[in-house]
Asker: 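Quick one: the structure is below, and I'll ask about it shortly.
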Amino acid sequence: MRVLVAGGAGYIGSVVTAALLEGGHEVTVLDDLSTGHADAVPSGARFVQASLHDSAPVLADVRPEAVLHFAAKSLVGESQVKPEIYWDTNVSGTLALLEAMRAADCRRIVFSSTAATYGEPEQVPIREDAPTRPTNTYGATKLAVDAMLTSYAAAYDFAAVSLRYFNVAGAAYGLGERHTTETHLIPIALQVVAGRREHLTIYGEDYPTEDGTCIRDYIHVEDLSDAHLLALTAPSPGEHRIYNLGNGTGFSVQQVIDAVREVTGHPVPVEVGQRRAGDPAQLVASSDRIRADLGWTPKHTDLAGIVRDAWETAQK
Ligand SMILES: NC(=O)c1ccc[n+]([C@@H]2O[C@H](COP(=O)([O-])OP(=O)(O)OC[C@H]3O[C@@H](n4cnc5c(N)ncnc54)[C@H](O)[C@@H]3O)[C@@H](O)[C@H]2O)c1
């Protein structure tokens, strides 16, 4: 299939691009390199440096049969203090992309949504029919795009899938997390191990969990990538499906730190800070829907294995 990957120079988009190429697809990456890296675009993919806002000529030229849309701003803290960047990139940028798709007669899309669309959960594991009450601008913009896809499916026969990722981690094809501003726990802990940071901050040790630290669901980027390939052909025209993607097991911040110490054999000095506003005690996915509909099963459920893959790639 001829596929356009928006945001394919980023962490997840580059891994999925490599998987698409391995599957024999023809791939063009569109990315403005605002947070991505040109050298992360797998060789074999065509690369066009452009913004979502200027995607129309690119789509007119490439004429993709499907779009995988990873391009976004995704720092929760920044979204609270500079919301205009998030509404502009994530919402206006996506609207421009959908209009470019319509003009190029491409109506198949898989979108990177997020667990942040749910906000503070009433029940864990979180199912797709849980209330969506985002507690930050980032989550609100992603939820707006989910709504946009529902409208485009209904009005213009788009075949759309929103994949609501929980915490993505690990590495594949030699591609790992290299966010310019790193906010994710595993890469931060590995930066401490590598001597690039002095310590790691645990935000709150007084949550109602067994060890007092927050619990999150870590999904290996390779499992996530498998889900994208399945989602690519799943919906019929006029359908918008929403699937959660997590491995279904929660690990506490403390358990992650312990796994990093065990895998790397290095100490991870920590400092305990205040809770962050809007950080729920537990976020764990129910991925029953995608398992049942598409036969997706995560292969990497062992935390140490996820950390090991991230560590080995970070060292290279
Ligand atoms: N990493 C996670 O744990 C996680 C969890 C939930 C959802 N997500 C979502 O998954 C997607 C990918 O995340 P990631 O961790 O790979 O992030 P990333 O920052 O590594 O990748 C995003 C890519 O999009 C590009 N981009 C940003 N704005 C653009 C624009 N206006 N035009 C063109 N390109 C643009 C960036 O340059 C970057 O290469 C994002 O949409 C993110 O919100 C990620």
Side-chain angles (χ1 to χ4, degrees), residues 4-18 28-42 45 47-56 58-59 67-76 78-79 84-97 100 109-118 126 134 136-146 162-172 175-188 216-221 223-225 227-228 242-247 256 283 285 306 310:
L4 183 119
V5 179
Y11 166 45
I12 303 167
S14 62
V15 169
V16 178
T17 297
T28 300
V29 166
L30 174 145
D31 198 297
D32 70 355
L33 299 182
S34 52
T35 59
H37 310 273
D39 65 7
V41 178
F47 174 53
V48 182
Q49 184 172 352
S51 162
L52 290 171
H53 292 95
D54 304 318
S55 52
V58 184
L59 272 98
V67 169
L68 294 182
H69 176 25
F70 301 92
K73 298 287 176 239
S74 43
L75 299 172
V76 169
E78 185 184 60
S79 80
E84 70 284 5
I85 299 179
Y86 285 74
W87 291 105
D88 182 46
T89 303
N90 299 359
V91 178
S92 305
T94 299
L95 184 59
L97 178 68
I109 182 164
V110 180
F111 167 63
S112 306
S113 187
T114 167
T117 53
Y118 295 111
I126 303 170
N136 53 63
T137 301
Y138 165 64
T141 61
K142 290 285 184 173
L143 187 60
V145 174
D146 286 344
S162 293
L163 296 176
R164 291 190 174 152
Y165 315 159
F166 282 59
N167 288 47
V168 188
L175 297 160
E177 284 187 82
R178 272 199 286 157
H179 297 115
T180 327
T181 305
E182 193 55 80
T183 57
H184 296 153
L185 180 60
I186 293 173
I188 287 178
R216 295 291 179 268
D217 182 329
Y218 294 87
I219 172 168
H220 195 290
V221 68
D223 289 327
L224 195 77
S225 172
H228 283 79
I242 297 179
Y243 292 124
N244 286 344
L245 278 177
N247 81 44
V256 171
L283 287 176
I306 295 176

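Indexing begins at 1, ligand by ligand and atom by atom, following the structure's order.
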Asker: Looking at atom 34 (N) of ligand 1, what's its closest protein heavy atom, distance included?
Answerer: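 The closest heavy atom on the protein side is D32 N, 3.2 Å.
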
Asker: Measure the shortest side-chain to side-chain distance between P134 and T117 over non-hydrogen atoms and say whether it is less than 4.5 angstrom.
Answerer: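 P134 does not reach T117 side chain to side chain.
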
Asker: Near S74, which atoms of ligand 1 are under 4.0 Å from a heavy atom of that residue?
Answerer: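 Answer, ordered by atom number: 42 (C), 43 (O).
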
Asker: Measure Y138 to ligand 1 on non-hydrogen atoms and call it side chain, backbone, both or neither using the 4.0 Å cut-off.
Answerer: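 Answer for Y138: side chain.
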
Asker: Quick check against the 3.5 Å criterion: does S225 have a side-chain atom that pairs as donor or acceptor with the backbone of V221?
Answerer: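 Looks like no, no N/O pair under 3.5 Å.
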
Asker: Can you tell me if G93 contacts ligand 1 (heavy atom of the residue under 4.0 Å from the ligand)?
Answerer: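 Contact check G93 vs ligand 1: negative.
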
Asker: Does I126 offer a backbone N or O that forms a donor-acceptor pair with the side chain of N244 under 3.5 Å?
Answerer: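 The answer is yes, because a donor-acceptor pair under 3.5 Å joins these two groups.
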
Asker: Counting heavy atoms only, which of V145, D31, I85, D54 is nearest atom 25 (C) of ligand 1?
Answerer: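 When every heavy atom of V145, D31, I85, D54 is considered, D31 comes closest to atom 25 (C) of ligand 1.
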
Asker: Looking only at protein heavy atoms, identify the closest one to atom 41 (O) of ligand 1 and say how far it is in Å.
Answerer: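 I find the closest protein heavy atom is K142 NZ, 2.7 Å.
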
Asker: Using heavy atoms and a 4.0 Å limit, tell me yes or no: is S113 in contact with ligand 1?
Answerer: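 Right, S113 reaches ligand 1.
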
Asker: What distance separates Y118 OH from K142 NZ, expressed to the nearest 0.5 Å?
Answerer: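 With rounding to 0.5 Å, OH (Y118) is 14.0 Å from NZ (K142).
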
Asker: Identify, by atom number and element, the atoms of ligand 1 in contact range of G36, meaning under 4.0 Å from any of its heavy atoms.
Answerer: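 In order of number, 36 (C), 37 (O), 38 (C), 39 (O).
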
Asker: Can you tell me if S34 and K73 form a side-chain donor-acceptor pair at under 3.5 Å?
Answerer: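 Yes, side-chain donor-acceptor contact under 3.5 Å.
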
Asker: Which of the numbered atoms in ligand 1 are below 4.0 angstrom from a heavy atom of S51?
Answerer: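 Atoms satisfying the 4.0 Å criterion: 31 (N), 32 (N), 33 (C).
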
Asker: Using side-chain heavy atoms (C-beta onward) and a distance below 4.5 Å, is L97 in contact with V67?
Answerer: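 Answer yes - side chains close enough.
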
Asker: Go through T137 and T141 one step at a time and tell me if the side-chain contact (heavy atoms from CB on, under 4.5 Å) criterion holds.
Answerer: CA-CA 6 Å; T137 301; T141 61; 4.1 Å; yes

Asker: Taking atom CG of N167 and atom CG of N247, what is their separation to the nearest 0.5 Å?
Answerer: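 If we round to the nearest 0.5 Å, N167:CG and N247:CG are 10.5 Å apart.
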
Asker: Should D39 and R178 count as side-chain neighbours, where that means a heavy-atom distance under 4.5 Å?
Answerer: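 Result yes, sub-4.5 Å side-chain heavy-atom pair found.
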
Asker: Quick one: are L224 and I12 in side-chain contact, heavy atoms under 4.5 Å?
Answerer: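 In short, these two side chains touch, coming nearer than 4.5 Å.
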
Asker: Quick check on contacts: which atoms of ligand 1 are under 4.0 angstrom from a heavy atom of G7?
Answerer: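 Those qualifying, in numeric order: 23 (C), 24 (O).
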
Asker: Going by the atom numbers of ligand 1, which of them fall below 4.0 Å from some non-hydrogen atom of L33?
Answerer: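 So the atoms of ligand 1 that pass are 37 (O).
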
Asker: How close does the nearest protein non-hydrogen atom get to atom 11 (C) of ligand 1, and which residue and atom is it?
Answerer: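 Going atom by atom, the protein heavy atom closest to atom 11 (C) of ligand 1 ends up being F70 O, 3.3 Å.
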
Asker: Identify, for atom 1 (N) of ligand 1, the protein heavy atom at the shortest distance, and state residue, atom and that distance.
Answerer: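 Residue, atom and distance for the closest contact: H184 CE1, 3.4 Å.
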
Asker: L30 to ligand 1: N or O pair under 3.5 Å?
Answerer: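 No - when backbone and side-chain N and O of L30 are compared with those of ligand 1, no distance drops under 3.5 Å.
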
Asker: Would you check whether H37 has a nitrogen or oxygen atom less than 3.5 angstrom from a nitrogen or oxygen atom of ligand 1?
Answerer: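 No, since none of the N or O atoms of H37 sits under 3.5 Å from an N or O of ligand 1.
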
Asker: Report yes or no: does S112 contribute a side-chain atom to a donor-acceptor pair with the main-chain N or O of H69 at less than 3.5 Å?
Answerer: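 Yes.
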
Asker: Donor-acceptor check, side chain of Y86 to backbone of V76, threshold 3.5 angstrom: yes or no?
Answerer: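 The answer is no, because no donor-acceptor pair under 3.5 Å joins these two groups.
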
Asker: Report yes or no: does A50 have a heavy atom closer than 4.0 Å to ligand 1?
Answerer: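 Yes.
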
Asker: What's the shortest distance from atom 32 (N) of ligand 1 to any protein heavy atom, and which residue and atom give it?
Answerer: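 So the nearest neighbour among protein heavy atoms is L52 N, 2.9 Å.
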
Asker: In Å, rounded to the nearest 0.5 Å, how long is the span from CH2 of W87 to OG of S79?
Answerer: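 Rounded to the nearest 0.5 Å, the CH2-OG separation comes out at 9.5 Å.
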
Asker: Polar-atom distance check: Y11 versus ligand 1, any N or O pair below 3.5 Å?
Answerer: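 Such a contact does occur with ligand 1.
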
Asker: Closer than 4.0 Å to some heavy atom of S112 - which atoms of ligand 1 meet that?
Answerer: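 Counting from 1, the qualifying ligand atoms are 9 (C), 10 (O), 11 (C), 41 (O).
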
Asker: Checking the side chain of S92 only, and the main-chain atoms of T89 only, is there a donor and an acceptor separated by less than 3.5 Å?
Answerer: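 No; judged by distance alone, with no hydrogens or angles, the pair does not exist.
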
Asker: Which protein heavy atom lies closest to atom 2 (C) of ligand 1, and at what distance to 0.1 Å?
Answerer: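 I find the closest protein heavy atom is V168 CG2, 3.6 Å.
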
Asker: Indicate, as side chain, backbone, both or neither, the part of K73 found under 4.0 angstrom from ligand 1 when only non-hydrogen atoms are considered.
Answerer: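 K73 to ligand 1: side-chain contact only, backbone stays beyond 4.0 Å.
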
Asker: Quick one, R164 and D146 - any side-chain contact, counting heavy atoms below 4.5 Å?
Answerer: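 A side-chain contact exists here, since the closest heavy-atom pair is under 4.5 Å.
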
Asker: What atoms of ligand 1 come closer than 4.0 angstrom to any heavy atom of T89?
Answerer: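 Here the atoms of ligand 1 in question are 28 (N), 31 (N).
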
Asker: Among protein heavy atoms, which lies nearest atom 17 (O) of ligand 1, and at what distance?
Answerer: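 For this ligand atom, the closest protein heavy atom is H179 NE2, 3.6 Å.
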
Asker: Answer yes or no: does an N/O atom from T35 fall short of 3.5 Å to an N/O atom of ligand 1?
Answerer: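 It does: an N or O of T35 is found under 3.5 Å from an N or O of ligand 1.
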
Asker: Give the residue, atom name and distance (to 0.1 Å) of the protein heavy atom nearest atom 24 (O) of ligand 1.
Answerer: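 Answer for atom 24 (O) of ligand 1: A71 CA, 3.3 Å.
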
